[in-house]
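Labels below follow one simple rule: chain letters A, B, ... track the order of the sequence lines, proteins then strands, and each chain is numbered from 1.
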Amino acid sequence: MRLSRYFLPLLKETPAEAEIVSHRLMLRAGMVRQSSAGIYVWLPLGLKVLQKIEQIVREEQNRAGALEVLMPTVQSAELWHESGRYDAYGPEMLRISDRHDREMLYGPTNEEQITDIFRRHVKSYKDLPLNLYQIQWKFRDEIRPRFGVMRGREFLMKDNYSFDLDHDGAVRSYNAMFAAYLRTFSRLGLRAIPMKADTGPIGGDLSHEFIILAPTGESAVFFDRGFDDLDPLADQSDDPDAATLHAIRERWTSLYAATDEVHDAAACPVPAERLVTGRGIEVGHIFNFGTKYSEPMGATVQGPDGQMVPVQMGSYGIGISRLVGAVIEASHDDAGIVWPASVAPFDGGLINLRAGDERCTGVCDDVYAKLGVLGLDVLYDDTAERPGAKFAAMDLIGLPWSLTIGPRGLDQGVVELKDRASGEKAEISLESALARIAERTGTQAPASPEALAG
RNA sequence: CGGGGAGUGGCGCAGCCUGGUAGCGCAUCUGCUUUGGGAGCAGAGGGUCGCAGGUUCGAAUCCUGUCUCCCCGACCA
């Protein structure tokens with residue numbers, strides 16, 4: 001993408017409304033604009049990141065055997081009356097009425113709707129297990145939205161729902177999601193720590209929150225140093241059996257981890273030398289709730305013995321729009337965002353230092369074409385801005401690497417390849433720069449100019 | 001919802017106390033000079049001063065009402 005044709009409204013100054021670093025950087029980098037309290041417009045750069053995260057979450061859900069559906073944002077209140085939650089939910093739920101004065105609502109979550117779909121179409125244990133997910137916008141009328149997209153009222157969430165005949169099956173489904181979450185956050189370049197969550201009045205034995213570590217995270221977390229030695233991808237074969245999944249969950253939940261609300265320094269079982277203190281952001285929550293909805297809503301299946309039993313359910317959420325902010329909280333510096341390669345809006349950047357110079361522009365255009373042939377999505381700064389402004393902009397939007405080409409370097413036969421994370425700059429020949437880029441992005445460098453032409 | 005604060009060109013702010021018809025920096029546009037870490041000079045465009053009433057010859061400024069936004073707290077992906 002040529003920057004001259006892109007829509008990237010950068011801000012030099014920090015808008016007064018933004019308090020935390022991810023919010024400030026998202027505004028400055030032209031990713032989002034606030035529309036009203038807790039509601040945001042996603043601009044091209046922000047949307048790209050949102051979609052990258054969404055896609056990784058989707059791939060890991062599919063891999064774990066979940067099936068994607070898409071449910072409406074506006075729901076009828078009827079189902080909510082049936083489950084008893086219409087009155088229980090409180091003012092967090094945005095209630096609206098249509099022209100016929102029917103009670104509607106903008107969905108804060110979808111348990112009722114998915115249960116309704118299930119009960120209308122699934123009657124036999126032979127159709128189980130079933131796991132349906134969606135990636136859809138939700139609305140919760142928070143008392144006080146804050147922290148930009150980290151705590152908006154409107155937010156994009158992946159939520160899924162598992163259906164099993166019995167408790168053992170439900171546990172297997174739960175463990176499969178547990179493992180999928182470890183993979184998902186790992187691919188997003190984040191360190192995630194699962195913590196036992198409060199199951200509230202519903203009870204139930206299984207609920208975990210996934211906290212990702214970020215230096216500017218919202219809450220303090222305390223955890224066993226042993227997490228450092230765990231590999232989120234260990235034992236994650238393509239179709240793990242129940243025992244493997246159980247072992248993964250056991251391994252990750254046997255170590256101590258708690259947020260500051262629960263942590264009691266005096267009663268902490270972890271010796272001081274093993275205890276790590278950090279800050280974290282909750283980005284996922286998984287929950288097994290048995291028959292809480294299936295019973296009142298009559299979602300029953302016939303088992304092998306011919307008996308009708310309410311289906312065992314679990315639900316699993318990942319805050320996708322929140323993750324955009326969370327990734328930035330976890331990865332930034334004074335100059336701007338430092339994207340993990342997997343979610344970066346572009347693979348890298350190309351800077352033409354002298355857009356008015358024919359030779360320099362010729363080389364840049366050529367390099368841009370070559371990077372395209374490599375299959376790379378590159379942001380090409382072909383504008384007439386001054387070098388300083390270009391460098392600052394590139395640092396701000398945080399692409400993993402940038403290739404800078406200017407007349408002075410060309411005279412000496414070199415270009416500059418910069419690594420955003422380390423700040424390391426290498427003045428090397430164009431050929432070796434392209435080779436390094438191909439290497440770090442896992443793409444194949446064309447063997448010859450003819451290959452490029454073809 | 002309790003406590004604080006703010007609404008003035010796209011962004012950041014001054015002006016308000018002590019009414020006289022709006023200003024600064026950045027950004028934008030034009031021209032020239034520049035060009036390796038947010039350039040210089042010259043010129044230009046852009047504002048119903050959140051909204052509605054009121055006081056006054058005259059309101060960004062004073063009064064009343066109202067809306068919105070931000071921060072702290074309780075609540076949440």
When all nucleic acid strands are considered with a 4.0 Å heavy-atom cut-off, which category describes Ser36(A): base, sugar-phosphate, or nothing? sugar-phosphate

Give none if rC32(B) has no partner; otherwise give the nucleotide forming a Watson-Crick or G-U wobble pair with it, both distances under 3.5 Å. rG40(B)

Could you check whether His208(A) and Phe178(A) have their ring centres less than 6.0 Å apart? yes

Please measure how far the C1' atom in rG20(B) lies from the corresponding atom in rA6(B), and state the result in whole Å. 27 Å

What does Ser321(A) touch in the nucleic acid at a heavy-atom separation under 4.0 angstrom: a base, only the sugar-phosphate, or nothing? nothing

Mind checking Glu416(A) for me? I need base, sugar-phosphate or nothing, with any heavy atom below 4.0 Å counting as a touch. base

For nucleotides rA44(B) and rC49(B), find the distance between their P atoms and express it as a whole number of Å. 24 Å

Would you say the ring centroid of Phe118(A) lies under 6.0 angstrom from that of Tyr161(A)? no

Donor-acceptor pair, distance only, cut-off 3.5 Å: does the side chain of Ser342(A) make one with the backbone of Arg187(A)? yes

What is the base-pairing partner of rG46(B), counting Watson-Crick and G-U wobble geometry with both distances under 3.5 Å? none

Touch check for Asp357(A), heavy atoms < 4.0 angstrom, all strands: base, sugar-phosphate only, or nothing? nothing

With a 4.0 Å cut-off on heavy atoms, is Glu17(A) in touch with a base, just the backbone sugar-phosphate, or nothing at all? sugar-phosphate

Base, sugar-phosphate, or nothing for Gly317(A), non-hydrogen atoms under 4.0 angstrom? nothing

For Gly356(A), which contact category applies under a 4.0 Å heavy-atom criterion: base, sugar-phosphate, or nothing? nothing

With rounding to whole Å, what would you report as the distance between rU8(B) and rG73(B) at their P atoms? 26 Å

Does Arg354(A) use its side chain to pair, donor to acceptor, with the backbone of Pro407(A) at less than 3.5 Å? no

Watson-Crick/G-U partner (both atom distances under 3.5 Å) of rA74(B): none

Does any N or O donor sit under 3.5 Å from an N or O acceptor when you compare the side chain of Arg144(A) with the base of rG3(B)? no

Looking for any heavy atom pair under 4.0 Å, which part of the strands does Pro9(A) touch: base, sugar-phosphate only, or nothing? nothing

Over 60° means perpendicular and under 30° means parallel, so tell me whether Tyr40(A) and His23(A) are parallel, tilted or perpendicular. perpendicular

Need one value for Arg28(A): base, sugar-phosphate or nothing, where a base atom within 4.0 Å counts as base even if backbone is also close, heavy atoms only. base

Determine, for Arg58(A) against Glu68(A), whether the closest basic-nitrogen to carboxylate-oxygen distance falls under 4.0 angstrom. yes

Looking at rC75(B), does its base get a donor-acceptor pair with the side chain of Arg151(A) below 3.5 Å? yes

Which whole number of Å gives the distance between the P atom of rU30(B) and that of rG15(B)? 34 Å

From the candidates rA27(B), rA77(B), rC11(B), the one with an atom nearest any side-chain atom of Leu11(A) is rC11(B)

Suppose you measure atom P in rG50(B) against the same atom in rG12(B); what distance do you get, rounded to whole Å? 14 Å

Pick base, sugar-phosphate or nothing for Lys158(A), based on heavy-atom distances below 4.0 Å to the nucleic acid. nothing

State whether the distance check finds a donor on one side and an acceptor on the other, under 3.5 Å, for side chain Glu385(A) versus base rG38(B). no

Both distances under 3.5 Å, Watson-Crick or G-U wobble: report the partner of rG65(B), or none. rC51(B)

Work out how far the C1' atom of rC24(B) is from that of rG9(B), and round it to whole angstrom. 12 Å

Integer angstrom distance from the P of rC57(B) to that of rA14(B): 32 Å

Taking the six-membered ring for Trp, are His167(A) and Tyr174(A) closer than 6.0 Å centroid to centroid? no

Watson-Crick or G-U wobble partner of rU21(B), both distances under 3.5 Å: none

Where the side chain of Ala37(A) is defined as all heavy atoms beyond and including C-beta, which of rG38(B), rG37(B), rC69(B) is the nearest nucleotide? rC69(B)

When both distances are under 3.5 Å in a Watson-Crick or G-U wobble arrangement, the nucleotide paired with rA59(B) is none

Quick one: label Gly152(A) by what it contacts on the DNA or RNA (base, sugar-phosphate, nothing), any heavy atom closer than 4.0 Å. base

Are the ring of Phe391(A) and the six-membered base ring of rG38(B) within the stacking cut-offs of under 5.5 Å and under 30°? no

Going by purine N1 to pyrimidine N3 plus the second Watson-Crick contact, or the G-U wobble pair, all under 3.5 Å, which nucleotide sits opposite rA14(B)? none

Looking across every strand, which nucleic acid part, if any, lies under 4.0 Å from Glu142(A) by heavy atom: base, sugar-phosphate, or nothing? base

Roughly how many Å apart are rU64(B) and rG25(B), using the P atom of each and rounding to a whole number? 36 Å

